[in-house]
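Side-chain atoms are counted along with the backbone in the values below, which use heavy atoms only and exclude waters and symmetry mates.
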Amino acid sequence: MNTRQKYLKWSVLVVYVLISFPQFYYSYKFGSPETSGQRDFYDYYPVYNELNVQEPEAPYNMRVLSPSLVYVLNKSGISYPIEINFQDPDIDQDVYLSTIIVHFAAAVLTAFLIFLTLFYLQKDSVISVIGGGLYLVQYGTVFWGSGGITDGFSAAVFALFTLYFLRTSYWSIPILLIAIFSVN
């Protein structure tokens, strides 16, 4: 890989972060599991908050990787205590913030992996940038994020598998094993 391609890849990643930041902020400030219809947040909450996989029913107790990331991020102490739309006295606002962070970090990673896959297949930077960017601005990315669920992580695992599968790499095998615990 030459210097120009490295610069392109890092630039695209920065652009994707900049594109997703307003969506991230909007989702945290104005989103809610109530308004988005994503009531799955409440089913995942025991896993997000306490890493309790015994309480939720299947399939919520099977998808453990992204809720574990939320749990670790929440325990790291990241907090942004502002007035948000989602107000529930039984739900920790910091847990909700952690779900939004995990989702949008995974969404940016997914977009970047789509870019890398398209660039690998087409060698056309314009098509590749647009392809990854479309994932970030599509309805599902904002919809999942504003509801406080972490489906963006499942999409990232799928995109990672696709990239390594197309490269005929043996890395696709452990990625499939990871998918067992992240995709349902």
Side-chain angles (χ1 to χ4, degrees), residues 16-114 132-162 175-184:
Y16 288 164
V17 168
L18 292 174
I19 289 172
S20 70
F21 182 76
Q23 296 172 343
F24 162 78
Y25 183 77
Y26 178 83
S27 293
Y28 180 57
K29 179 81 172 150
F30 302 107
S32 166
E34 302 296 327
T35 57
S36 70
Q38 296 293 323
R39 307 253 332 135
D40 292 358
F41 174 84
Y42 297 106
D43 293 313
Y44 283 116
Y45 186 74
V47 185
Y48 290 156
N49 191 37
E50 302 164 359
L51 209 56
N52 178 356
V53 293
Q54 308 302 352
E55 186 177 332
E57 296 178 9
Y60 305 107
N61 61 357
M62 296 169 58
R63 187 186 286 180
V64 294
L65 287 180
S66 56
S68 297
L69 293 173
V70 171
Y71 174 79
V72 168
L73 187 63
N74 183 48
K75 292 303 176 192
S76 73
I78 291 179
S79 182
Y80 187 44
I82 62 168
E83 179 86 19
I84 62 172
N85 182 44
F86 181 45
Q87 298 293 322
D88 187 330
D90 297 329
I91 303 294
D92 183 1
Q93 183 176 339
D94 294 337
V95 172
Y96 184 68
L97 172 64
S98 295
T99 63
I100 302 293
I101 291 171
V102 167
H103 172 73
F104 277 99
V108 168
L109 177 62
T110 303
F112 187 65
L113 290 167
I114 290 169
L134 285 176
Y135 177 78
L136 282 179
V137 298
Q138 58 109 358
Y139 177 73
T141 302
V142 177
F143 184 71
W144 293 332
S146 66
I149 57 175
T150 56
D151 284 3
F153 185 79
S154 300
V157 170
F158 180 75
L160 185 64
F161 169 74
T162 302
I175 294 169
L176 278 177
L177 295 174
I178 291 170
I180 291 171
F181 299 103
S182 63
V183 181
N184 61 359

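- Using the six-membered ring where Trp is involved, Phe41 and Tyr45 have ring planes that are tilted, between 30° and 60° apart.
- For the pair Thr141 and Tyr135, the minimum side-chain heavy-atom distance is below 4.5 Å.
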Ile100 and Phe24: side-chain contact (heavy atoms from CB on, under 4.5 Å), yes or no, with the steps?
CA-CA 7 Å; Ile100 302 293; Phe24 162 78; 3.3 Å; yes
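- Between Leu113 and Ala156, the shortest heavy-atom contact is CD1-O, 3.6 Å.
- Between Val108 and Tyr16 the shortest heavy-atom distance is CG2-O, 4.0 Å.
- Side chains of Ile178 and Leu160 form no contact here, defined as non-hydrogen atoms less than 4.5 Å apart.
- Considering all non-hydrogen atoms of both residues, Asn52 and Val47 come closest at O-CG2, 3.3 Å.
- Between atom CZ of residue Phe158 and atom CG of residue Leu176 there is a gap of 10.0 Å, rounded to the nearest 0.5 Å.
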As a quick check of understanding, evaluate side-chain contact (heavy atoms from CB on, under 4.5 Å) for Ile82 and Tyr28, giving each step before the final call.
CA-CA 10 Å; Ile82 62 168; Tyr28 180 57; 4.0 Å; yes
Can you check side-chain contact (heavy atoms from CB on, under 4.5 Å) on Tyr96 and Ile84, steps first, answer last?
CA-CA 10 Å; Tyr96 184 68; Ile84 62 172; 4.0 Å; yes
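- In summary, of the residues considered (Ile91, Val102, Val95), a side chain to side chain contact (heavy atoms under 4.5 Å, CB included) with Tyr48 occurs for Val95 alone.
- With sequence neighbours excluded, no residue satisfies side-chain hydrogen bond (donor to acceptor under 3.5 Å, both in side chains) with Glu50.
- For Ser79, the side-chain hydrogen bond (donor to acceptor under 3.5 Å, both in side chains) partners are Asp94, not counting sequence neighbours.
- The two residues Phe86 and Ser32 come nearest to each other via the heavy atoms CD1-OG, 3.5 Å.
- Atom CG of Leu97 is separated from atom CD1 of Ile78 by 7.5 Å, given to the nearest 0.5 angstrom.
- Between Glu55 atom CD and Asp43 atom CG the span is 10.0 Å, to the nearest 0.5 Å.
- Closest approach of Tyr42 to Pro33, counting heavy atoms only: CE1-CB, 3.8 Å.
- The heavy-atom pair separating Glu83 from Lys29 by the smallest distance is O-NZ, 2.6 Å.
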Determine, step by step, whether Val70 and Tyr44 satisfy the side-chain contact (heavy atoms from CB on, under 4.5 Å) criterion, reporting the C-alpha distance in whole Å, the side-chain angles of both residues, the deciding distance to 0.1 Å, and the verdict.
CA-CA 10 Å; Val70 171; Tyr44 283 116; over 6 Å; no
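- Only one option out of Thr110, Ile19, Val17 pairs with Leu136 in a side chain to side chain contact (heavy atoms under 4.5 Å, CB included); it is Ile19.
- Counting heavy atoms from C-beta outward, Leu51 and Ser68 have side chains that approach closer than 4.5 Å.
- With rounding to the nearest 0.5 angstrom, the OG1 atom of Thr99 is 11.5 Å from the CG atom of Asn49.
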